[in-house]
Amino acid sequence: MNKKFTKILATSIAAAALTATLAGCGKGSSSSTTEGPNEITMWTHAAGNPAELAATQAIVDSYNKSSGAKAQIKVQAFPQESYNDSVVGAASAGNLPCIVDIDGPNVPNWAWAQYLTPLKLSADLSKNLPSTVAKWQGETYAVGYGDVALSMFARKSDLAAAGVRVATIEKPWTKDEFQDALTKLKALGKWDYPLDMGTAGTGEWLPYAYSPFLQSFGGDLVNRTDYQSANGALNGDKAVEWAKWFRGLADQGFMATKSGKDSTQDFLNNKSGLLYTGSWAGDKAREALGDELVVMPTVDLGNGPKIGGASWQWGVTSGCNNTDAAMDYLSYSLKPENVASVIKATGGIPATDEAAALIPAFAEGGANRIFMEFSRNYAVMRPETPAYPFIATEFGKATQDILAGADPQGALDKAAKAIDANIKSNGGYQK
């Protein structure tokens with residue numbers, strides 16, 4: 001997997017641990033802080049990403065110097081690897097800061113545990129990419145500056161040599177076309193495996209990357225009517241079809257059951273002909289390949305192409321002693337120029353067209369504009385339920401088992417049963 005992507009997604013293992021800890025702390029307990037009325041603290045996971053941290057600090061400095069600042073914001077940064085543990089410890093001690101960042105799909109879990117308060121911002125979020133706004137039970141709890149989008153990369157010359165058309169938003173590859181493309185690319189004899197699906201990935205990569213294919217088949221991680229059961233969605237006929245198809249990519253010699261650790265670099269080193277990756281790899285690939293690079297949508301497996309939605313976002317804790325100032329700062333930080341500065345540092349997709357207009361690559365006609373279109377057209381939020389961290393972990397286990405040769409029906413039945421038991425043991429995760 002690309003190292004940059006590890007700065008974008010938290011691991012589901014840490015998220016699952018967080019779920020258990022927050023639930024153990026007692027639903028309804030509130031946090032408290034030692035902040036004074038004129039200073040509030042903001043926690044971020046970006047200590048390991050100097051460019052992102054600098055962009056965030058610049059926004060804070062600008063706000064602190066503004067005449068309308070309602071409090072002074074103090075930034076405390078953690079390495080991503082220890083961030084969730086730090087939040088867990090603070091939650092247990094009732095000592096959370098006012099503002100926290102959180103991986104988007106985990107927001108409902110924090111909201112259910114009442115560690116977040118609904119956002120009341122002066123900023124208009126109606127123009128944001130939907131995947132940059134985290135909601136639970138009709139209320140907004142977090143907002144992000146941007147997102148990322150999955151896609152397929154190839155070399156123009158390889159597709160031409162194999163007689164494979166370039167997939168487009170207007171006409172993505174169908175399941176049959178994808179099979180045909182892989183067959184023709186494999187016949188070129190250039191690679192051990194023509195396709196790299198990032199199968200060495202772990203943690204949150206597994207549901208983020210592979211559940212969209214499940215959804216394109218017509219299955220899902222959980223029944224979204226009431227989020228009370230995975231039975232039928234995760235282990236029904238469509239889900240089993242997905243599992244057999246996915247494992248079949250390896251059985252036919254199209255992809256490795258465990259890819260290299262850096263799929264992007266392997267693709268650039270010509271170890272694969274077709275790469276399943278995302279917007280975070282776009283600039284690097286374009287710099288290396290120039291006009292040879294082809295960026296395409298993912299495959300339509302029956303219900304249209306799908307990609308995972310939501311990345312890191314900001315929320316306000318329920319125990320904040322100056323909620324008004326926290327909301328004011330977040331509103332200020334969402335100005336187009338602020339969003340653009342962070343996106344330039346992270347390589348993400350800007351949340352709004354106004355911010356995109358300030359970044360040439362994402363402006364109309366820009367080289368990266370296609371990633372915004374992928375997000376608008378294909379993004380599916382990972383299930384907006386407090387059960388998501390547990391669901392993610394169980395789906396990840398099932399996916400790895402299926403790749404290792406486990407019976408698809410049995411692996412998915414086991415995951416669905418575990419998820420249903422978790423939801424039931426937590427009272428349906430009701431507010």
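- Residues A398 and A415 share a closest heavy-atom pair of CB-CB, 4.1 Å.
- Here the shortest heavy-atom pairing between V222 and A233 reads C-CB, 3.7 Å.
- Checked for salt-bridge contact, E204 and R382 meet the test: a charged N lies under 4.0 Å from a carboxylate O.
- Taking the side chain to side chain donor-acceptor pair (under 3.5 Å) definition, one finds that T140 meets it with nothing, sequence neighbours left out.
- Residues forming a ring-ring contact (aromatic ring centres under 6.0 Å, His included) with F213 (at least two apart in sequence, or on another chain): W245, Y276.
- D147 has no carboxylate O lying under 4.0 Å from a charged side-chain N of R376, or vice versa, which leaves the two without a salt bridge.
- Remark: W242 pairs with F246, F395 by the ring-ring contact (aromatic ring centres under 6.0 Å, His included) rule, at least two apart or across chains.
- Ring pair Y83/W312 is perpendicular by interplanar angle, where above 60° counts as perpendicular and below 30° as parallel.
- Y429 and N422 share a side-chain donor-acceptor pair at under 3.5 Å.
- For residues 310-326, the salt bridge (charged side-chain N to carboxylate O under 4.0 Å, His left out) pairs, not counting sequence neighbours, are K70-D324.
- Between F371 and F153, the two ring planes are tilted [angle within 30° to 60°].
- Under the side chain to side chain donor-acceptor pair (under 3.5 Å) criterion, Y332 pairs with S62, not counting sequence neighbours.
- Contact detail for M197 and L249: the closest heavy-atom pair is CE-CD1, 4.2 Å.
- Partners of W43 according to the side chain to side chain donor-acceptor pair (under 3.5 Å) rule, which considers only residues two or more places apart in sequence or in another chain, are Q76.
- The pair K397-E394 meets the salt-bridge criterion, with a side-chain N (NZ, NE, NH1 or NH2) lying under 4.0 Å from an Asp/Glu carboxylate O.
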